[in-house]
Amino acid sequence: MMNIRNRVVIIGNGAVGSSYAYGLLNQGVADELVIIDLDKDKAEGDVMDLNHGLAFAPSSTQIRTGSYRDCEGADIVVITAGANQKPGETRLDLAMKNTEVFKSIVDQVMSHSFDGIFIVATNPVDVLSYMTWKFSGLSSERVIGSGTILDTARLRYQLGDYFRIDARNVHAYIIGEHGDSELPVWSHANVGGIPVDQYISMHTERYDEKDLEPIFHKVRDAAYHIIERKGATHYGIAMGLARLTKAVLRNEDALFTVSVLLEGQYDEEDVYVGVPAIINRNGVREIVELNLRQDEKDLFTKSVSVVKDAVERVKHY
């Protein structure tokens, strides 16, 4: 009986790529992990370092550097390569320079008969997910952007901190652009199954609905504050990518707020943007269409228009 080995190829071994590789090893997600980077010395150094931790890992993983040839037969190719966001720079400022990088990367991946799933993490992730779909010619179900997976995790953390409840028992979504126009879906936020507004009304001596907007601002602006202090954000998104990878390889049918192609959902078309979607071995199984309040619909429409405008500036590259 033939052994099925799950191979993940990481393209880009910077802060996000190396943190993601570390997360995969620690969680025993993949059987094979291949790292591709222009800086071959650093990639080889990270591979050596990761391999030295195998004795402490939950399962055996074959970790090595490689080339685009390794994309043939790979289950997932994760792209973290590209220019980083600088202090004071928005994610959308990166659109053109990283579109040029992605054209080269995706062309090389597809030239080696890649037939798996792309996961895109580089910013602006909604724009680059759309361009990866276009450049690759793959069905949209097999191109997934990290979208607002991290923003959603940040919101759950901030709400958990505010309510003094484990973030894993707080459920809320950030949707739209992974960027300044994103929005919280307060109408679907809950604490242990109790809607957030109801939970606040049950504890008015401790909590106030007026605190929700500043909480969201902390989420929306988190990357700017982290970049200002340490130059890059990478641990949180790396853990999100590892979780998403696990959902694909283990065929989980798990729900994440990821960047996916809308084809009429939320009354939008031909745009990659962050919304809840069910993910399994085939990629995107289903987009979950939330029943939004009118104010949320309006904000989402504005956010989508921001992404579409950015795509228009680069799509004829």
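- Remark: Glu296 engages Ser187 in a side chain to side chain donor-acceptor pair (under 3.5 Å) (not counting sequence neighbours).
- Applying the ring-ring contact (aromatic ring centres under 6.0 Å, His included) rule to Tyr130 yields the partners Trp133; only residues at least two apart in sequence or on another chain are considered.
- A salt bridge (Lys or Arg N to Asp or Glu O under 4.0 Å) check over residues 113-122, counting only residues at least two apart or in different chains, returns the pairs Asp115-Arg142.
- Counting heavy atoms of neighbouring residues, nucleotides and ligands inside a 6.0 Å radius, atom CZ of Arg64 exceeds 12 of them.
- Legend: salt bridge (Lys or Arg N to Asp or Glu O under 4.0 Å) pairs involving residues 244-264, not counting sequence neighbours, sorted by first then second residue: Arg243-Glu252, Asp253-Arg285.
- Under the side chain to side chain donor-acceptor pair (under 3.5 Å) criterion, Asn26 pairs with no residue at all, not counting sequence neighbours.
- Scored by the ring-ring contact (aromatic ring centres under 6.0 Å, His included) test, Tyr235 finds no partners at all (sequence neighbours excluded).
- By the side chain to side chain donor-acceptor pair (under 3.5 Å) test, Ser104 pairs with Gln108, sequence neighbours left out.
- Under the rule for a side chain to side chain donor-acceptor pair (under 3.5 Å), Thr80 has no partner lying at least two apart in sequence or in another chain.
- Chaining together hydrophobic side chains whose heavy atoms lie under 4.5 Å apart leaves Tyr157 on its own.
- Using cut-offs of 30° and 60° for the angle between ring planes, the Phe163 and Tyr207 rings count as perpendicular.
- In this structure, the side-chain contact (heavy atoms from CB on, under 4.5 Å) partners of Ile194, at least two apart in sequence or on a different chain, are Gln198, Tyr199, Met202.
- Distance check, rounded to the nearest 0.5 Å: CD1 of Ile237 to CG of Asn123 gives 8.0 Å.
- Residue pairs meeting the side-chain hydrogen bond (donor to acceptor under 3.5 Å, both in side chains) criterion with at least one partner in residues 11-23, sequence neighbours excluded, are Asn13-Asp46, Ser19-His234, Tyr20-Thr245.
- Pairs engaging residues 196-217 under the salt bridge (Lys or Arg N to Asp or Glu O under 4.0 Å) rule: none recorded [sequence neighbours left out].
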